[in-house]
Amino acid sequence: MKTNKDDLLIKHLFDAPREMVFDAWTNPEHLKHWYAPDGCTIDFKSIDVKVGGRFHSVIHDPIHGDCWIMGVYQEVNIPEKLVFTMELTNEAGIPVSATEAGKSKDWPPAIITTITFETIGEQTKLTLHQTVAESEAKKTGAYQSWFSMFDRLNNLLSNN
């Protein structure tokens, strides 16, 4: 999968040390509290955060139904960087098309997500890059969902 200038790129500043922010991205007990669009929940069938490790999750959406995603961690550099694939699947982990997963026909069936964590004083600058067109992410609501998820993550971090 190649990247280009149309890919989704979001930067966000968190009021927490990067080790804490990184942990919130890799600990399923933290992820379940923030890593799903508004009105949805997430469960992990499995998660193994290491290079070559896999995750298999489901986002429960009361309107559109379940959306299963499987991925492989390509890079895990604690607490600086995470790179992982995200592929639309069914519950058994078999890849499905975007339309079978309830997504737009233009949504790619697989993407690469890169997250970098940079210390800025007592804060953490997070940069999220995904190999999906920003225009497609905005059309589907995925772009907007990141901001509400980051708000929930901010709340989680401030309560720890």
Any side-chain heavy-atom pair of [X] and [Y] under 4.5 Å:
| X | Y | value |
| --- | --- | --- |
| Leu82 | Glu75 | no |
| Thr127 | Leu9 | yes |
| Pro109 | Glu87 | no |
| Glu136 | Ser104 | yes |

The criterion is side chain to side chain donor-acceptor pair (under 3.5 Å); which residues satisfy it with Gln144, sequence neighbours excluded?
none
Looking only at heavy atoms, which two atoms of [X] and [Y] are closest? And how far apart?
| X | Y | result |
| --- | --- | --- |
| Phe55 | Val72 | CE2-N, 4.4 Å |
| Trp107 | Ala142 | CH2-CB, 3.7 Å |
| Pro108 | Leu88 | O-CD1, 4.2 Å |
| Gln74 | Thr85 | NE2-CG2, 3.4 Å |
| Gln130 | Thr113 | NE2-OG1, 2.9 Å |
| Thr89 | Met70 | CG2-CB, 3.6 Å |

Counterpart residues, side-chain contact (heavy atoms from CB on, under 4.5 Å), relative to Asp48 (two or more places apart):
Lys50
How long is the span from the [atom1] atom in [X] to the [atom2] atom in [Y], to the nearest 0.5 Å?
| X | Y | atom1 | atom2 | value |
| --- | --- | --- | --- | --- |
| Asp6 | Thr131 | CG | OG1 | 12.5 Å |
| Asp66 | Cys40 | CG | SG | 10.0 Å |
| His56 | Asp43 | NE2 | CG | 11.5 Å |
| Phe22 | Glu80 | CZ | CD | 9.0 Å |
| Phe117 | Leu126 | CZ | CG | 5.5 Å |
| Thr140 | Asp106 | OG1 | CG | 10.0 Å |

Checking side-chain contact (heavy atoms from CB on, under 4.5 Å) for the pair Glu118/Arg18: CA distance, chi angles, key distance, verdict?
CA-CA 7 Å; Glu118 179 184 351; Arg18 75 177 176 167; 5.8 Å; no
Output, in order, the C-alpha distance, side-chain angles, deciding distance and verdict of side-chain contact (heavy atoms from CB on, under 4.5 Å) for Ile47 and Val49.
CA-CA 6 Å; Ile47 183 169; Val49 184; 3.8 Å; yes
Determine, stepwise, if the pair His129 / Asp7 fulfils side-chain contact (heavy atoms from CB on, under 4.5 Å).
CA-CA 7 Å; His129 172 257; Asp7 285 351; 3.0 Å; yes
Using atom types as modelled and distance alone, determine if a side-chain donor or acceptor of [X] lies under 3.5 Å from a backbone N or O of [Y].
| X | Y | value |
| --- | --- | --- |
| Trp146 | Pro37 | no |
| Thr124 | Ile120 | no |
| Asn77 | Lys81 | no |

[X] with [Y], same ILVMFWY side-chain cluster at under 4.5 Å:
| X | Y | answer |
| --- | --- | --- |
| Phe84 | Phe44 | yes |
| Leu157 | Met149 | yes |
| Ile78 | Ile115 | yes |
| Ile111 | Val58 | no |

Derivation of the side-chain contact (heavy atoms from CB on, under 4.5 Å) call for Thr41 and Ile59
CA-CA 6 Å; Thr41 59; Ile59 293 177; over 6 Å; no
Looking at residues at least two apart in the chain, or sitting in another chain, which of them share a ring pair (Phe, Tyr, Trp, His ring centres under 6.0 Å) with Phe147?
Tyr143
Regarding Asn155 and His33, is there a side-chain donor-to-acceptor distance under 3.5 Å anywhere?
no
Is the distance between the ring centroids of Phe14 and Phe150 less than 6.0 Å?
yes
Row check, Trp68 ring normal vs Lys45 NZ/CZ: under 6.0 Å, within 45°:
yes
